[in-house]
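Accompanying notes for the structure given below.
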There are 2 protein chains.
Amino acid sequence: MSARGGSPTIVDVAREAGVSIKTVSRVLNHEPGVHESTRDAVLKVVEALRYRPKQSARSLAGGRSFLIGLLYYDPSAAFVGSVQQGATVRCRELGYHLVVESLHNDAPDLRQQIDRMVLALRPDGMILTPPLCDNPEVLAALRENGTPCVLMSPERDIVGVPSVRMDDVHAAEEITNLLISLGHRRIALIKGPPDQSASAARQQGFVNALQAHDIAVDPELMQPGSFTFDSGRDAAHQLLSRRQRPTAVFASNDDMALGVLAAAQRLGLSVPGELSVAGFDDSPTAALVWPALTTVRQPVAEMARTAVEMLVFGHKSELAPGDDGELHKVLAHELVVRDSTRAG
Amino acid sequence: MSARGGSPTIVDVAREAGVSIKTVSRVLNHEPGVHESTRDAVLKVVEALRYRPKQSARSLAGGRSFLIGLLYYDPSAAFVGSVQQGATVRCRELGYHLVVESLHNDAPDLRQQIDRMVLALRPDGMILTPPLCDNPEVLAALRENGTPCVLMSPERDIVGVPSVRMDDVHAAEEITNLLISLGHRRIALIKGPPDQSASAARQQGFVNALQAHDIAVDPELMQPGSFTFDSGRDAAHQLLSRRQRPTAVFASNDDMALGVLAAAQRLGLSVPGELSVAGFDDSPTAALVWPALTTVRQPVAEMARTAVEMLVFGHKSELAPGDDGELHKVLAHELVVRDSTRAG
DNA sequence: CTGAAAGCGCTTACAG
DNA sequence: CTGAAAGCGCTTACAG
């Protein structure tokens, strides 16, 4: 196809179409001001030659890499998997590509690892997942070399830095409301670790729901946990061995809810017959146990799609002071009602 | 730093170090034949300027992109997550970057999606995971535009195409041996779907182990399954309602083993007290249920590391006909013994 | 052991 | 609406 036998270049297309390379470039980049017949002729040749502009040349000349970086430190394979699913699909639709890099949140050479990626690849933007999106060192490194970022579910929003998240408070409120609507009154909460903001948010939602229904908040029914299976099991043992045990437990995440299931099984308590259990996250395991867990699904893939869009299209930067406008997006979650909850 | 205020370029480094850009290039690419004092001087400037060669320029001039592509169609988030973990780390060590693309195995524009990635990015190599690594269309597209590939756990090896896998037969044999050594004699197998080669391999290993111990292979104890939770639960109900039920069940994957656990629980059978259960895969869920599953861990991250190495370093292509030598690598798996198996 | 020149394949100003 | 020129920042031959 090409003059020298390799893949066709923009020169080959231009020659074949009888136009200048500049015109080919205009057509390919959807620039306005090209006569339709010219455009058609060019596109026909592009098609025939199966021509694709080379990213490295575009990047070098144009200063855009069409690369989006995804930085993560495996919080859970499922989370990253969904992020990627959403991000790669949206990238493809927009003509971008996703480069992933897994870092250790406490690696000594974190800064260098980031520099290496950013300075070598010059991604047009970066998506950060927890806990990296809350790491000051990471944020500083990226800000210094001017790479636009979007934070996914950060602990707290940062003024001027775009983010996407779900509403943990509201979701926890909804799932607690579900338990209440099922007739439960003695509802226990297994909390998350205090150093994660999601813990406080979910607890807040839980308390909100109880108060809205005039149900007393019993501190005895709020057990600490650490988002692990074991901590959930231990907390459940505490709760279920009380003289007046709860009829429902809301665990702040699925792993702990699985621990509750295990504890109930040990104690010979039937779920959901004698105890309703709800989790949070819709982890892959949630649907693979018996009874399948009622839980909340985070819109992770959608958050990732949104993050890509914010990076590619930019965001309104002309906002009044204090008006973060579209900078911090909150996406709708989904209540997933399965077999672990029942009227009680 | 730079002459024009942007990031420093090779010209800035050369000027500062008092050498030609060619010498800087030599140092950065570890080419031999540079005087040590010259090398040191260059490296010092590189350090001071925090200079990193721009990938797009290197790629355009040198014909190598330092990009490895990972093509997948979510077989399971856990698998892809481990692949990525291993691949990104090894890429970083070798100065490469990982670009991921999630495809649909039966997408109508599969060919275009691949062309788009390959022709635009020109990755130096591509890693394919199941089921894409067994898709003739995918393989043909990649072969046509000359992109080197490594197949991860393909159904069957292809002559001339590098692959990395584990030994399913041997692993199944080992886990069956474990059950036998625990004293079990009536051991059931829940098979995988016939269209996946892993199913046959795991069954083969199961049979091998029984025969090696002179235990009769009872066809009644080999139930069909389809690698899903439900199929495992159904098969277990069949097996456990027999007059003479098995004392151990080897499910060909973890999802089905979880189904067995659910079935046993329904039937009031204690695991591992009255029934031992073993799975295969070491899925994230395997450790998050009670009792935690005894299973086999695939060396997924290691396979990914190996795949990257095969792509970066190439493989011996000067082999005698028929001798695939290092082209098809088999990595060691790991038996993970947990709580679901016990003497019986 | 070191360097000057050409070129990779695009896009960006700048003209017309 | 279209094009000729310059240049992005490197590496590849080719010299010396």
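Any value given below was found using the heavy atoms of this structure, including those in side chains, with hydrogens, waters and symmetry copies removed. Naming: A, B, ... by sequence-line order, numbering from 1 per chain.
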Between A/R50 and B/L119, the two heavy atoms sitting closest are O-CD1, 3.8 Å

Between B/P32 and A/A57, name the one whose nearest nucleotide on DNA chain C is closer to the 5' end.
B/P32

Does a distance-only test, which skips hydrogens and angles, find a donor-acceptor pair under 3.5 Å between the side chain of B/R26 and the base of C/dG3?
yes

What is the nucleic acid contact for A/T38, judged by heavy atoms within less than 4.0 Å: base, sugar-phosphate only, or nothing?
sugar-phosphate

So do the side chains of A/V19 and A/V42 get within less than 4.5 Å of each other, counting heavy atoms only?
yes

Dot-bracket, DNA chain D: Watson-Crick or G-U, under 3.5 angstrom, [ ] crossing, | other strand?
|||.||||||||.|||

What contact category does A/R64 fall into here, base, sugar-phosphate, or nothing, at under 4.0 angstrom with non-hydrogen atoms?
nothing

Say whether, by atom type as modelled, one donor and one acceptor occur between the side chain of A/N145 and the main chain of A/A141 under 3.5 angstrom.
yes

Tell me: CG of A/L119 to C1' of D/dG9, nearest whole Å?
14 Å

For DNA chain C, the residues among residues 16-25 of chain B that have a non-hydrogen atom under 4.0 Å from it
B/V19, B/S20, B/K22, B/T23

Just by modelled atom types, is the A/P154 backbone N or O under 3.5 Å from a matching donor or acceptor in the A/R165 side chain?
yes

Rounded to whole angstrom units, what separation is found between the CG atom of A/D12 and the C1' atom of C/dC8?
13 Å

Tell me the interatomic distance from B/E31, atom CD, to C/dT2, atom P, rounded to whole angstroms.
13 Å

Separation of D/dG7 C1' from A/R58 CZ (nearest whole Å)
18 Å

Atom-pair distance (CG on A/L121; P on D/dC10), nearest Å
14 Å

Side-chain contact check for A/N29: nearest option of C/dT2, C/dT11, D/dT11 is C/dT11

Between A/K329 and A/E302, does at least one N-O distance fall below 4.0 Å, as a salt bridge requires?
no

Please answer whether the main-chain N or O of A/Q84 pairs with a side-chain N or O of B/S102 as donor and acceptor at a distance below 3.5 Å.
no

Please report the shortest heavy-atom distance between A/R305 and A/R90, naming the atom on each side.
NH2-CD, 3.2 Å

Looking only at C/dT11, D/dT2, D/dG9, the nucleotide nearest the A/H35 side chain is D/dT2

Figure out the NZ/C1' separation between B/K54 and C/dC8, and round it to whole Å.
15 Å

Can you check whether B/V100's main-chain N or O pairs, donor with acceptor, with A/T88's side chain at less than 3.5 Å?
no

When rounded to whole Å, the CG to C1' distance for the pair A/L60 and C/dT12 reads 12 Å

Is the backbone N or O of B/S65 less than 3.5 Å from a side-chain atom of B/D124, with the two atoms forming a donor-acceptor pair by type?
yes

Quick one: A/Y51 OH to C/dG9 P, roughly how many Å, whole number?
9 Å

